[in-house]
Asks: 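To start, I am sharing the structure in question, which I have written as structure tokens.
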Amino acid sequence: MKITISSIDSIHQAARQFLEAIRDRGNCMAFYAPMGAGKTTFIKAVCEELGVKDVITSPTFAIVNEYTDGTGHPIYHFDFYRIKKIDEVYDMGGEDYFYSGCYCFMEWPELVEDALPEETVRIAITPQSDGTRVVEIM
């Protein structure tokens, strides 16, 4: 399935479409996209649609941020950009997060591919020449 984000003004509509499309597909979402494609911005919109009131930022230095959704459940937001070895994911308890049943939104998952659960939903965000973004759920 593909969702087009035509502008920042339509990102919440795209986030709602995304949440509808991933319903019942699992909790681990791996976002593949080049630097500056809008991974964090899209994940922020998805979290806001899930009722998160926390400040949502990229966990570049923390590796994982925890938010609370509108029903009190945790949401985990990962940025694996700084991971040097797959062991770092295991050492930080990555599997505990992945198998928690809570949403795990992951940026730069290609760096930790071997640690991801088999049922991880893969999402590509592709910037277009006209400034739009295409979100493809694979």
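As the structure is a prediction and not an experimental result, all values here were calculated from the model.
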Asks: Scan for ring-ring contact (aromatic ring centres under 6.0 Å, His included) pairs involving residues 110-138, sequence neighbours excluded, and state none if there are none.
Replies: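 The answer is none; no pair qualifies.
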Asks: First locate atom CE of M35, then atom CD of E107, and finally report the distance between them rounded to the nearest 0.5 Å.
Replies: 9.5 Å
Asks: Taking salt bridge (charged side-chain N to carboxylate O under 4.0 Å, His left out) as the test, write out the residues that go with E110, two or more places apart.
Replies: none
Asks: Could you give the distance from CZ (F105) to OG1 (T40), rounded to the nearest 0.5 Å?
Replies: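 Interatomic distance, F105 CZ to T40 OG1, rounded to 0.5 Å: 12.5 Å.
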Asks: Test of understanding: with salt bridge (charged side-chain N to carboxylate O under 4.0 Å, His left out), list the residues that count as partners of K39, not counting sequence neighbours.
Replies: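 If we apply the salt bridge (charged side-chain N to carboxylate O under 4.0 Å, His left out) test to K39, skipping adjacent residues, there are no hits.
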Asks: Please tabulate, one pair per line, all N/O donor-acceptor pairs under 3.5 Å involving side-chain atoms of residues 59-68, not counting sequence neighbours.
Replies:
from: T60; atom 1: OG1; to: S58; atom 2: OG; distance (Å): 2.8
from: T60; atom 1: OG1; to: D79; atom 2: OD2; distance (Å): 3.0
from: N65; atom 1: ND2; to: T57; atom 2: O; distance (Å): 3.0
from: N65; atom 1: ND2; to: Y67; atom 2: OH; distance (Å): 3.4
from: Y67; atom 1: OH; to: T57; atom 2: N; distance (Å): 3.4
from: Y67; atom 1: OH; to: T57; atom 2: O; distance (Å): 2.9
from: Y67; atom 1: OH; to: H77; atom 2: ND1; distance (Å): 2.9

Asks: Grouping I, L, V, M, F, W and Y whenever their side-chain heavy atoms are under 4.5 Å apart, do V46 and F80 come out in a common cluster?
Replies: no
Asks: Among residues two or more places apart or on two chains, list those pairs meeting ring-ring contact (aromatic ring centres under 6.0 Å, His included) that have a residue in residues 107-138.
Replies: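 Matches after skipping sequence neighbours: Y81-W108.
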Asks: Any side-chain heavy-atom pair from I22 and M29 closer than 4.5 angstrom?
Replies: yes
Asks: Would you say S7's side chain and D9's backbone share a donor-acceptor pair under 3.5 angstrom?
Replies: yes
Asks: For E118, give me all partners under side-chain hydrogen bond (donor to acceptor under 3.5 Å, both in side chains), at least two apart in sequence or on another chain.
Replies: none
Asks: Taking a hydrophobic cluster as the set of Ile, Leu, Val, Met, Phe, Trp and Tyr residues connected by side-chain heavy atoms closer than 4.5 Å, whether directly or through intermediates, do M106 and V52 fall within one such cluster?
Replies: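 M106 and V52: separate clusters.
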Asks: Do the ring centers of F78 and F98 come within less than 6.0 Å of each other?
Replies: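 Yes, the ring of F78 comes within the 6.0 Å limit of the ring of F98, centre to centre.
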Asks: Roughly how far, to the nearest 0.5 Å, is the OG atom of S6 from the CD atom of Q13?
Replies: 7.5 Å
Asks: For R25, what residues pass the side-chain hydrogen bond (donor to acceptor under 3.5 Å, both in side chains) criterion, not counting sequence neighbours?
Replies: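 If we apply the side-chain hydrogen bond (donor to acceptor under 3.5 Å, both in side chains) test to R25, skipping adjacent residues, there are no hits.
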Asks: Quick one: which residue pairs count as a salt bridge (charged side-chain N to carboxylate O under 4.0 Å, His left out) with a foot in residues 45-55, not counting sequence neighbours?
Replies: R16-E49, K44-E48
Asks: Below 4.5 Å, heavy atoms only, C-beta onward: do I3 and V134 meet side chain to side chain?
Replies: no
Asks: Under a 4.5 Å cut-off applied to non-hydrogen side-chain atoms, are I11 and T41 in contact?
Replies: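 Yes, their side chains come closer than 4.5 Å.
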Asks: Of all residues at least two apart in sequence or in a different chain, which pass the side-chain hydrogen bond (donor to acceptor under 3.5 Å, both in side chains) check with T71?
Replies: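 Partners of T71 by the side-chain hydrogen bond (donor to acceptor under 3.5 Å, both in side chains) criterion, ordered by chain and then number, come out as D69, H73.
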Asks: What salt bridge (charged side-chain N to carboxylate O under 4.0 Å, His left out) pairs are there with at least one residue in residues 121-138, not counting sequence neighbours?
Replies: E113-R122
Asks: Could you state whether L111 and I123 fall into the same hydrophobic cluster, counting links through intermediate Ile, Leu, Val, Met, Phe, Trp or Tyr residues with side-chain heavy atoms under 4.5 angstrom apart?
Replies: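 No, L111 and I123 fall in different hydrophobic clusters.
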Asks: Is Y32 close to I125 at the side-chain level, that is, under 4.5 Å between some pair of heavy atoms?
Replies: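 No, their side chains stay 4.5 Å or more apart.
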Asks: List for me each residue that meets ring pair (Phe, Tyr, Trp, His ring centres under 6.0 Å) alongside F31, sequence neighbours excluded, and say none if there are none.
Replies: F18
Asks: Pairs in or reaching into residues 84-101: which pass side-chain hydrogen bond (donor to acceptor under 3.5 Å, both in side chains), with residues at least two apart or in two chains?
Replies: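 Qualifying pairs, neighbours excluded: none.
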Asks: Looking at every non-hydrogen atom in both residues, tell me the closest pair between P74 and C102 and how far apart they are.
Replies: O-CB, 3.3 Å
Asks: What is the distance from atom CD1 of I75 to atom OH of Y103, rounded to the nearest 0.5 Å?
Replies: 8.0 Å
Asks: Looking at L116, is its backbone amide N or carbonyl O close enough to the side chain of T120 to form a donor-acceptor pair, meaning the two atoms are under 3.5 Å apart?
Replies: no
Asks: I want to check something: taking the side chain as every heavy atom from C-beta on, are V121 and C28 in contact at a cut-off of under 4.5 Å?
Replies: no
